[in-house]
Amino acid sequence: MEKGVYLRGVSKKFVTRQQETVDALSAVDLAVEPGEFISLLGPSGCGKSTLLKIVAGLLPPSGGSAWLDGHEIVEPSDSVSFVFQKPTLLRWRSIQDNVLLPLDVAGSRPKEAVEYAKELLALVKLSDFANAYPSELSGGMQQRAAIARSLVSHPDVLLMDEPFGALDEFTRETLNEEFIELWQREPKTVLFVTHSIAESVFMSDRIAVMGARPGRIIDEITVPFPRPRGAELRKSKEFFDLVARIRETFDLASESSAREVVAP
Amino acid sequence: MSLQQEEKVETAALGKVGANQRNRWWARSRWAPVVLAAAVLVLVVVVWQIAYAARFASRLVLPSPGNTVASLGRGLFGGEWWPHIQVTLIETLAAFAIGLVAALVIGSLFAFLPLVRKTFYPYVIAIQTFPKIAIAPLLVTWLGYGLAPKIAIGALLAFFPIFTNTVAGFTEVDKDELDLMRSLRAGWRKQLRYLLVPNAVTYIFPALNVAAVNALLGVIVGEFVGAQEGLGYIIQQKAFLGDIAGVFAVLIILAAIGLGLFFIVKFVESRFTKFSR
Ligand SMILES: Nc1ncnc2c1ncn2[C@@H]1O[C@H](COP(=O)(O)OP(=O)(O)OP(=O)(O)O)[C@@H](O)[C@H]1O
Ligand SMILES: [Mg+2]
């Protein structure tokens, strides 16, 4: 049995209300090893969220297939957790109850699980806010709570759709570092969607660079920096060089698609 | 640091910043709102008394505050009004309960059965925009002079705010929250229990106090049209007999009932929903 996440020729077409067909994804191949941190990096509309939802089993692919640990993905799985761009906390539940939601839905709150939820709240620095309601927290704190919720069920795979996209740069960088620390304590496979080049370089082992129309993977880049990575990495020359190289990839891709538009 | 502590720190800081503006006694004191509200009441009564004494309006249409209070006391302690208060309260509670249950049931059908929604939507809009109290005389003719027509009008008026919010509460659900439930492998029962019902409750509660006040309104209109008991009936009797102080006294009782309903609903809401929206 092949452990990990595998995409084989995955494509997705949407039919819009005006009856036009949108090629959100076309022939995406991707292999993600267990424990690997991979970023999906690309401009808005290139199909990153669509790809993640297919892996989550929330959306069926139009063609090709997606696999998790040797099983084809046809529905959401217990061993996969999703983190959305907005915190998506239920406003009538306290922070602690939000973190415990996956257990409630599963049917019971075993004592160890409640202890683990408390531990997670401490790890994301929200112990003092366990009984607060989401509206009483800042955006960054809410997203921390959402991350704690995604970990409470001990998933093997974490799917994160621009989890820090709505935050300001300072908060985002802090959360980047905190999350990497968390992830190193409890290694798991992460598919991390972002459209920030620097964020993807800082966080991941490997970056799948995506292009739009149709959505596809145009390049795969291995990030060579050793872990643990600290804040100093962001200021190093190697970091800037890699960011510049990836930017180059995007410029080339948009030039060639611009030519395609002009040529005929 | 707890939330409350942070809040306090903030308020203290505010006080310092705008020292000359915000440090007045009425901005600082916890009792200031109560005192100010009471002052308004006193002012109204004083102006009322002056208007009465100076005969700004004929004494046939404007009673004195003193006579009004005397009339209120006679009605309440003479025991004459209690049966009528009871009737109006029973009608209002029945109207509210019927309106509530009907709105929850029909609202849920609308939310979950698209066919029902598409079929009845135009009619619901038509009834909603229709001035419903206009059918009060018709209902009295149909249902007689007992409690039934009053309850019917009250229920009809209580129905719509709850109905509208029930439909909204079950249909306006965040797409990501639905995806979250699906990713947690929640079947429809669990989606209902953990997402849809609590979401609907947050929409329905704010509609309840409007509905309670509407129920009272409908009942009083029903009593105006045709009744032998109830506060609406007493108002008409007193007006007919030229007992203006009596009319004012009953209006004060109605105001108290309306406020009472409003605060009871608010209290129940605050027990159920500890979060702020
Ligand atoms: N339910 C849908 N119906 C029709 N079209 C859709 C639907 N979902 C996505 N699309 C289209 O598919 C394409 C990819 O969308 P997707 O949300 O995956 O992009 P994205 O890379 O996540 O973008 P962003 O960075 O803005 O979130 C877009 O062109 C979008 O319009
Ligand atoms: Mg997206």
Determine whether more than 12 heavy atoms belonging to other residues, nucleotides or ligands lie under 6.0 Å from atom CZ of A:Arg109.
yes

Could you tell me which non-hydrogen atom of A:Pro102 sits nearest to which non-hydrogen atom of B:Leu184, and how far apart they are?
CB-CD2, 3.8 Å

Residues, nucleotides or ligands: over 12 heavy atoms within 6.0 Å of A:Leu59 CG
yes

Chain B contacts, top residue of A:Gly57, A:Ser77, A:Gly107, A:Ser81 (heavy-atom pairs, under 4.5 Å)
A:Ser77

How about CZ on B:Phe112, more than 12 heavy atoms from neighbouring residues, nucleotides or ligands closer than 6.0 Å, or not?
yes

Taking all heavy atoms of B:Asp174 and all of A:Thr88, pick out the closest pair and write down the distance.
OD2-CG2, 4.4 Å

Comparing B:Arg182, B:Met181, B:Lys190 against chain A, the one with the most heavy-atom pairs below 4.5 Å turns out to be B:Arg182

Greater than 12 external heavy atoms within 6.0 Å of A:Glu186's CD:
yes

Are any of the side-chain heavy atoms of A:Lys53 and B:Asp179 separated by less than 4.5 Å?
yes

Top contributor to chain B contacts, counting heavy-atom pairs under 4.5 Å, from A:Val80, A:Asp104, A:Asn131
A:Asp104

To the closest 0.5 Å, what do you measure between CG (B:Leu180) and CZ (A:Phe82)?
10.0 Å

When only pairs under 4.5 Å are counted, which of B:Gly187, B:Ser183, B:Ala186 shares the most heavy-atom pairs with chain A?
B:Ser183

Shortest non-hydrogen contact between B:Thr202 and A:Trp92, atoms and distance:
CG2-CE3, 4.0 Å

Would the distance check show the side chain of B:Tyr194 and the main-chain N or O of A:Leu101 forming a donor-acceptor pair, the cut-off being under 3.5 Å?
no

Is A:Leu90 close to B:Pro198 at the side-chain level, that is, under 4.5 Å between some pair of heavy atoms?
no

Counting only heavy atoms from other residues, nucleotides and ligands, does the tally under 6.0 Å from CD of B:Gln128 exceed 12?
yes

Atom CD of A:Glu33: over 12 foreign heavy atoms under 6.0 Å
no

Any salt bridge between A:Glu75 and B:Arg185, counting N to O under 4.0 Å?
yes

Should A:Arg91 and B:Asn199 count as side-chain neighbours, where that means a heavy-atom distance under 4.5 Å?
yes

So for A:Asp161, is it side chain, backbone, both, or neither that comes closer than 4.5 Å to the heavy atoms of chain B?
neither

Shortest non-hydrogen pair, B:Glu177 vs A:Leu89, comes out as OE2-O, 3.9 Å

